[in-house]
Structure formats: C-alpha cells, structure tokens
Asker: 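If you scroll down you'll find the structure; I have some questions about it.
Residue numbers begin at 1 in each chain, while the letters A, B, ... track the order of the sequences. All values derive from a computational prediction rather than experimental measurement.
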Amino acid sequence: MRWPLTPRQEQAIVRLLLLFLTALSIFILAFIIFFILRHGLPVLSWEFLVRNPREMGKEGGIFSTIIGTIVLIILALTLATPLGVGTAIFLTEYTPEGRLTRIIRFGSECLAGIPSIIFGLFGFILFVTKLKFGWSILSGSLTLAFMILPTIIRTSEEAIKFVPQAYREVSFSLGGTKWQTVSRVVLPSALPGIATGVILSIGRSIGETAAVIFTAGSALRIPDSLFSSTRTMSVHFYILAREGISLSKAYGTAAVLLISILSVNIFTYYLMNRFLRKYS
Amino acid sequence: MISIEVKNLSVFYGSFQALKNINIKIERQKISALIGPSGCGKTTFLRCLNRMNDLIDEARVVGEVFIDGLNIYEEKVDLLELRRRVGMVFQRPNPFPLSIEDNILYGLKVHRINDPKIMEERLIKSLEAVQLWPQLKNQLRKNALTLSLEQQQRLCLARALAVEPEILLMDEPCSALDPIATARIEELMFELKKKYTIVIVTHNMQQAARVSDFTGYFLLGELIEFGETHQIFTAPADKRTEDYITGRYG
Ligand SMILES: Nc1ncnc2c1ncn2[C@@H]1O[C@H](COP(=O)(O)OP(=O)(O)OP(=O)(O)O)[C@@H](O)[C@H]1O
Ligand SMILES: [Mg+2]
C-alpha cells in the first residue's frame, strides 16, 4: 500500500477498524453474560426462586429478596415517576426558558452525577435516623426515588421537547387549553421516551446496592409493612459474595438479576413497539 | 359585510417590529389573499387574527382586531372560543399521529362536545366538506399519517371545520403539494367560501390571482396595498405592488 492512501483504501481500513471495535465490545458483553450464566444457571431451580433463604443464605433460595426488590422498585417508581414527569412538564411547557429553568436543570444534572453511596448516606441520615423510619422499605424506596429522579426528569424533558411544535400549535389553534394540549397531545407522543427513562431507572434500581443497604437494611424475612427492613437481590448477592457465605448461591442470584434486567428490557421493547404502531 | 377589521396593528418580536401599523377590512365569505416576499410579516399578521402570537413569549401585539365588532385583544375575550371561531390551516400538513376519526374529533373533545350523535354528524359533515368522505368513510380508524400529503392537508382542513368556525386562516396551505393537488385544493376553497370567510397567505401570485376576491401586498412589515384582486393585478395603485407582481421585485 502506498502513502497517502486513496480515499477508497482509507474507507476500507476505517470500516475494518470499526467492525473490529464493535466486535470487541460485543464480545466483552457476551463474555460477562456467559460467565455469569455459566456459574449461575446450574444453581437455578424452581426451589431457588420460591424458597426463602436459610442460614444467612447459605441454604434455601432467594424468594424474600425477589419480593424485596420488586416492592422497593415499584414504590420508588410510583414516587419518582409523577414527580419527575411533572417537573419535566413544568420545565418544558409551563415556564419560559430562563434562569429558573437553567438552575433547576443544573441542579438535577448535578444530582444525576452523585455516586449512589452518597444518596445512601443521605437517606440514612434523613429517613432512617431523623425521620425515624428505621431501615425500612419506606426509607429505601424514598432514597431510590431521589436517586432516579434526575434520570426521569432528564429523559422526560427530552422526550417532551422532541414532540413536534406543530402538534401543540394545532391543538391551541382549535381552542385547546394548555393542559388539554399537554395531556392529550404532548404526553402521548412523548410516552415512549418517558417510558425509556423509567426503564433505565428500573435497571439502575435493580442493580443498586450502596443506596439500598444503608436505608432498607438487609433483613431476610418477607416484609410485612412499609416499615419492615428488607433485602434486595443485589444486596443479597453482595453479602453472599463478600462475606463468603456461598459463592454458588451468589452466582445464582446474579443470574436471576441478569435475567430480570434482560426481561424488563425486552418487555419494554415489546410494549413500546406496540404503542408506536398504535400512535404513529 | 365586514368580518374582520384591523386597526393600527403593530407586532414586535423583542425590539424588532415585524408589522407596522396595519389597517385592513376583510369581507365576510370572500377569499382574501396576502402576498409579499419572504419575511414581510404575512404569517405574523395571520397569527394575530386568532391570537396565536400569544404563544410566542417575545411577541408583543399593539392595536385592535375586531371580529364581528368585538375587539379580540380585549381582556374579557374568551380566547378558546375565539380560536374555535377562527380556524387555522398550516403550511405543512400536520395531522396528529392518530386515526382519521380521532383527528377530526380532537377539536370537539377539547370543547367538551361528547354527544355521540353530534360527533358522528360533525365527522361526516367535515369530511364531506373537504371531499374526503367517499374515499375514507370505510377506513376512519386508519392512521392519518398513512394518507397522501393532499389528503392529509384536506384532513387538517376538516379538523378545523369540525368545530364550526366562521373564519379560516390558511398559511400557504398548498406549498407542500404538487400542482394538481394544489388545483384541487383551490377548487375546494371556492366551495368553502360560500360558508366561510377565508384569509390565505400565499407565495404563489398566480394562486392569489386565481382564487382570491381581495389581495393585500405586504412589504417589510407594511401593508402596501389592499384591494380587489382584479384591480391589484391589473392596475395596482402603488409602484411597489406593480414591481412585485410583474416580477421586478428585488
Ligand atoms: N418568533 C419570532 N421571533 C423573532 N422574530 C420573528 C419570529 N417570527 C417571525 N419573526 C420575524 O418577523 C418577520 C416576519 O416573519 P413572518 O414569519 O411573519 O414572515 P412571512 O411573511 O410569513 O415570511 P414567509 O413568507 O417566509 O413565511 C421576519 O423577519 C421574521 O424573521
Ligand atoms: Mg410565513
């Protein structure tokens, strides 16, 4: 090959290089998944899913931690979604772009960058000790809600801004009010984007350990009230692995975590596709 | 009879004055065309007539616009009712990504008209008015975005008609359409003017000459001349109008 390369040669080389990079990243991801599943799948069984842990998790299954995870996430989403979407609507539709919106946006961006362990500490100080909720589902879900709030605000805001201005104009020109326009035109069009933010947050919450262990504790019982302490799957995994209780159960938990995150994503794609077909 | 009377209307975007002291009387059930070079304020003017400029934060409107004798810029005016009475069709066909039926019924819903009989009646009537009913009556649940551009623009017109306006504002309604579709929309406008007062902005001078009864020429935010189309195109009073219509502008 002679220097300088012809555009055609350059093109061929770049293409090869990009292909290689893509293959590499896919390989790394696939390797991680393969590794976890290889060690985890043999542990999985129906028993593993529906039995409670015994002897600190050395024996038995992970049922109570599945329940803990689900309850915590549902509560966190129930708190954070209306709050976040409402904030996003206010910022994009109800206030002119200005100093106020910039400050709020900057604040929420900063919040997004804070390590989760700081949220854990904050939740511990405020909810667990100051407000005396103790290590509980309530403290844990409030903390998680604060943690995912910036993501929901940001993605909702982007989704709302992405809705063509023409739709709003038509609605107003027909005599629609602001709220009718927002609720009937803007939000339905922005829903796939908003849903993406919510899913991202589910992913982040499922995997969250630091913020949860400080606020929801790590009790292995099945929780019976908002004030019960609970243990999520990722906290369970962390404790099993770190304290050397049972590596095989840890891998089993990891496999369940992985599979649930994958299923959440696949399910969302399915829902979104159906929605998109209906709405556009 | 006069439908719209504009008195000393000026519009500012921040410190930029987009319209300068406009005075105009628009006749009921006639087509009035507004022509003029790009950026001269035609859209701005049109959007004053249904107060769509209220939506633009930096826009400031000074002056009076009377519709049937009522100044629409007065405090007590019901803005939503005003916009119901003054319908608008935009430059690009912009149906909602919903079914044909839901598009038409949107305006009824925002005005809380939910009697199924009235809804059905308006649906048929407005689709008939834009001559879409025969083609589409069996596919009302189809997504509006699957229609051709011309059909979409007709649908948008029908959507505006569904709330029973008296005035129709059209901002270059044919600019996204081919000549044949344009001709058909123009024919439709002749039909519509039997019932509606129409104000149309157009870049296309032949179109203004073909469809309109009155024509106004805007230049740099001023209304240079407004009068009967025939007179404007054959014996314009102002030299600047003459330059524009004979293509000597610029
Ligand atoms: N939202 C806005 N903010 C600031 N200036 C604006 C805004 N909208 C329009 N203008 C300015 O006002 C002037 C008139 O604009 P307008 O859109 O009314 O012109 P037009 O005659 O409709 O032009 P066109 O034929 O290109 O559609 C232009 O100079 C434009 O740049
Ligand atoms: Mg314009």
Asker: Side chain, backbone, both or neither: which part of A:Glu169 has an atom under 4.5 Å from a heavy atom of chain B?
Answerer: both

Asker: Under 3.5 Å, is there a donor-acceptor pair between the side chain of B:Asn103 and the main chain of B:Phe96?
Answerer: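 At least one qualifying donor-acceptor pair exists.
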
Asker: Give the C-alpha distance, both sets of side-chain angles, the deciding distance and a yes or no for salt bridge (Lys or Arg N to Asp or Glu O under 4.0 Å) between B:Lys42 and B:Asp171.
Answerer: CA-CA 8 Å; B:Lys42 306 179 295 293; B:Asp171 195 352; over 6 Å; no

Asker: How about B:Phe12: does its CZ atom have over 12 heavy atoms from other parts shown lying under 6.0 Å from it?
Answerer: yes

Asker: Taking only Lys NZ, Arg NE, NH1 and NH2, and the carboxylate oxygens of Asp or Glu, determine whether A:Arg105 and A:Glu97 approach each other closer than 4.0 Å.
Answerer: yes

Asker: Just to be sure I understand the criterion: a residue of residues 149-164 of chain B counts if one of its heavy atoms is under 4.5 Å from a heavy atom of chain A. Which ones qualify?
Answerer: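 The residues closer than 4.5 Å to chain A, in numerical order, are B:Arg159, B:Ala160, B:Val163.
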
Asker: Kindly say whether A:Ile148 contributes a backbone atom to a donor-acceptor pair with the side chain of A:Arg204 at under 3.5 angstrom?
Answerer: no

Asker: Quiz question: by atom type and distance under 3.5 Å, do the side chains of B:Asp102 and B:Ser99 form a donor-acceptor pair?
Answerer: yes

Asker: Salt bridge check: are A:Glu158 and A:Arg154 linked by an N-O gap of less than 4.0 Å?
Answerer: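 Salt bridge: yes.
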
Asker: Picking from B:Lys142, B:Gln139, B:Arg141, what satisfies side chain to side chain donor-acceptor pair (under 3.5 Å) with B:Glu101?
Answerer: B:Arg141

Asker: Starting from the C-alpha separation in whole Å, work towards a yes-or-no answer on side chain to side chain contact (heavy atoms under 4.5 Å, CB included) for B:Ile56 and B:Tyr13.
Answerer: CA-CA 9 Å; B:Ile56 300 172; B:Tyr13 292 115; 4.2 Å; yes

Asker: So if I take each residue of residues 83-92 of chain A and look for any heavy atom under 4.5 Å from a heavy atom in chain B, which residues do I end up with?
Answerer: none

Asker: Out of A:Gly175, A:Gly176, A:Ser171, which one racks up the most heavy-atom pairs below 4.5 Å with chain B?
Answerer: A:Gly175

Asker: Determine, for B:Glu120 against B:Lys117, whether the closest basic-nitrogen to carboxylate-oxygen distance falls under 4.0 angstrom.
Answerer: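 No, B:Glu120 and B:Lys117 are not salt-bridged.
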
Asker: Let me know if B:Val89 has heavy atoms under 4.5 Å from chain A in its side chain, its backbone, both or neither.
Answerer: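 Looking at B:Val89, nothing touches chain A.
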
Asker: Quick check on B:Asp57 against chain A: is it the side chain, the backbone, both or neither that has a heavy atom closer than 4.5 Å?
Answerer: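 For B:Asp57, side-chain heavy atoms alone lie under 4.5 Å from chain A.
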
Asker: Determine whether A:Val185 and A:Val170 satisfy the following criterion, side chain to side chain contact (heavy atoms under 4.5 Å, CB included), listing intermediate values before the conclusion.
Answerer: CA-CA 10 Å; A:Val185 178; A:Val170 171; over 6 Å; no

Asker: Is it the backbone or the side chain of B:Pro95 that comes under 4.5 Å from a heavy atom of chain A, or both, or neither?
Answerer: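 Backbone only.
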
Asker: Using side chain to side chain contact (heavy atoms under 4.5 Å, CB included), reason through B:Ile198 and B:Val211 one step at a time and then give a plain yes or no.
Answerer: CA-CA 10 Å; B:Ile198 297 176; B:Val211 300; over 6 Å; no

